[in-house]
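First comes the structure, then the notes that go with it.
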Amino acid sequence: MHFLAYILRQTGKNLRQTWGTQVMTLLTVTLSVLLFAFFFLIYTNMLRASTRLGNDVRLIVYLDQEVTAPMRPVLEKKIRGFAPVEKIVFVSRTEAFARLSAQLGKEKDILNDMGPDFLPPSIEVYPLKKLDDLTKINQFSDFLLTLPHAAKVQSGSDWLRRFGYFTNLLRAVVLLSGSLLIISMTFIVSYTLRLTVLSRQGELEILRLLGATSAYIRLPLLLEGMLQGFLGSSCGLAALYILYQWIARHFSGPGFLNLFDFAFFPPELTTAILLTSVLLCTGGSLFSIRRFIRV
Amino acid sequence: MPKDASTDKPLVELVNVTKIYPPDVVAVEDVSLRIYKGEILFLTGMSGAGKTTLIKLICRLETPTSGVIEVAGRDLSRISTAGIQRMRQKIGVAYQEFRLLDKQTVLQNIAMAMEVTYASTKDIQARVEELLALLNLSDKRDKLVGELSRGEQQRVALARAAANGPSLLLADEPTGNLDAAATELVVNLFRHLNEKNGSTIIVATHDESIYAETQHRVMALCNGKLSAHPNRAPRQIELFEA
Ligand SMILES: Nc1ncnc2c1ncn2[C@@H]1O[C@H](COP(=O)(O)OP(=O)(O)OP(=O)(O)O)[C@@H](O)[C@H]1O
Ligand SMILES: [Mg+2]
């Protein structure tokens with residue numbers, strides 16, 4: 001069976017005949033994959049970070065009066081009655097003061113004038129992990145404010161909300177660059193293929209007369225599209241990986257990136273992006289083949 | 001093409017075939033014709049008589065306005081695209097206007113016909129050498145077709161048509177640009193294909209020198225109508241079955 005050899009040889013011939021355009025196409029595919037994957041990488045990392053942050057959520061109820069020991073189980077029961085809670089910690093004035101001075105370490109001298117009573121007592125409520133929905137947290141925090149002697153509830157939900165907005169914005173950017181990717185791949189590849197078809201028009205005409213099968217004529221063109229998709233997205237992903245490595249090297253250590261625990265795509269996702277690009281490019285070439293070749 | 005054992009089944013059969021080019025050019029009119037396996041048929045006629053049209057109808061480059069054409073027992077109007085492709089691999093056609101690729105070499109042009117059947121490179125090389133030797137073109141193998149003379153191009157077109165050892169060879173004006181010596185080579189190629197390969201051959205020509213002394217059937221087209229050549233009695237089919 002010399003079938004495969006013929007198909008491969010013809011594909012090579014096609015690529016050589018229009019190599020200038022082929023390189024441009026490859027660059028376009030590479031760039032669109034890079035662009036999309038870049039935003040997508042940031043987006044996935046943000047998502048991971050936000051679930052992680054959601055796990056750390058705690059609500060602090062500041063009180064204007066110390067909770068007495070017999071009252072504690074009563075309050076605890078009341079709170080647990082409203083929402084599932086992982087743990088509840090009662091912090092008295094003295095405990096709060098001790099914590100702060102421990103945090104200040106050497107500089108705890110500045111507290112000398114304050115006296116151990118200046119910090120309010122509080123209840124720290126750690127909601128169960130499934131309570132990571134923002135609206136639920138807000139409802140919870142409203143409820144906590146109705147507790148006796150509650151003066152203020154700090155939930156950190158403001159910060160979470162802003163984070164959420166940003167994630168949404170990023171999602172829009174990802175969708176946009178994704179559409180751009182789809183358009184550029186299918187259009188560019190089908191355009192390039194059209195050039196290949198035109199440059200071989202005379203030859204294709206004669207092949208038809210000689211009884212070349214549809215597979216003989218079409219497969220090399222399909223393969224061309226596939227190859228563009230595979231090479232283009234491989235280059236794009238490789239470029240992104242290099243970029244990622246560079247960023248990780250230069251911004252490693254404690255700080256912003258550490259907070260996010262910035263990571264590259266897992267292998268499955270990389271493969272999925274690769275396969276999608278190959279599919280898109282093959283689709284683009286299929287479009288051209290159906291449009292410009294009647295066999 | 002299935003080799004038909006029964007002698008009364010023609011390889012090519014035309015029944016009341018008419019071809020009218022739009023709007024109203026009648027190129028072939030009510031032609032009925034049977035061509036049997038192993039036959040050599042000469043189609044003669046003046047310029048514009050419809051020879052090329054008839055050849056194009058047989059290889060389904062054109063479809064008849066009315067009438068039925070069967071090749072190897074299959075109605076060409078009902079054959080699938082894949083069926084046409086398979087059929088064309090077994091029919092060699094040397095076109096009047098050659099239809100070669102000027103920017104490719106002689107070897108590449110001839111090889112194309114064999115490549116579409118996925119022949120091995122070795123077989124292709126050997127076959128091309130053989131055909132070029134038969135047509136006295138061996139030294140032109142790697143020349144670009146566009147740089148050849150008309151007569152040389154004509155022979156390349158014939159070599160391509162003969163490359164696959166076709167069951168049916170259609171040659172349209174195969175000696176139009178050839179001198180006597182080259183014509184002799186072409187006639188020998190036909191004989192070679194017919195005797196060694198059992199190819200059925202249809203030659204459209206107004207070159208009287210190639211059919212003047214032939215034993216084979218000669219038909220004349222005149223304004224699209226087919227008749228036996230005026231100077232010759234129609235041959236008996238039995239002659240070609242040996
Ligand atoms: N594609 C076409 N469109 C319209 N008319 C055509 C077409 N092809 C051929 N004809 C007409 O059909 C008639 C027969 O043409 P054809 O080419 O079959 O003649 P021929 O016998 O091959 O002539 P020649 O010996 O010059 O090659 C001519 O009158 C020609 O003008
Ligand atoms: Mg003609």
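Predicted, not measured: the structure shown is a model, and the values here were computed from it. Order of the sequence lines fixes the chain letters, A, B, ..., with proteins taken first and strands second; residue numbering starts at 1 for each chain.
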Side chain / backbone / both / neither for [X] at chain A, heavy atoms under 4.5 Å:
X        : value
B/Leu100 : backbone
B/Ala113 : both
B/Arg60  : neither

Looking only at heavy atoms, the pair that brings A/Leu209 and B/Arg88 closest together is O-CD, 3.3 Å
From the list B/Asn109, B/Leu101, B/Val116, side-chain contact (heavy atoms from CB on, under 4.5 Å) partner of A/Ile206 resolves to B/Leu101
Assess whether side-chain contact (heavy atoms from CB on, under 4.5 Å) is satisfied between B/Gln104 and A/Glu203, documenting all intermediate values. CA-CA 10 Å; B/Gln104 298 204 7; A/Glu203 199 182 332; 3.7 Å; yes
For this session: Mind running side-chain contact (heavy atoms from CB on, under 4.5 Å) on A/Arg208 and B/Gln85 for me, showing each step along the way?
Result: CA-CA 8 Å; A/Arg208 249 190 295 276; B/Gln85 288 161 353; over 6 Å; no
For the [atom1] atom on [X], are there more than 12 heavy atoms of other groups (residues, nucleotides or ligands in this structure) within a distance under 6.0 Å?
X        : atom1 : value
A/Phe230 : CZ    : no
B/His206 : NE2   : no
A/Phe38  : CZ    : no
B/Tyr21  : OH    : yes
A/Tyr244 : OH    : yes

| So, do B/Glu115 and A/Leu210 sit near enough that their side-chain heavy atoms are less than 4.5 Å apart? | no
| field | side-chain contact (heavy atoms from CB on, under 4.5 Å) evaluation trace for A/Thr213 with B/Arg86 | value | CA-CA 8 Å; A/Thr213 58; B/Arg86 247 173 288 136; over 6 Å; no
So, the part of A/Tyr6 with a heavy atom under 4.5 Å from chain B: the answer is side chain
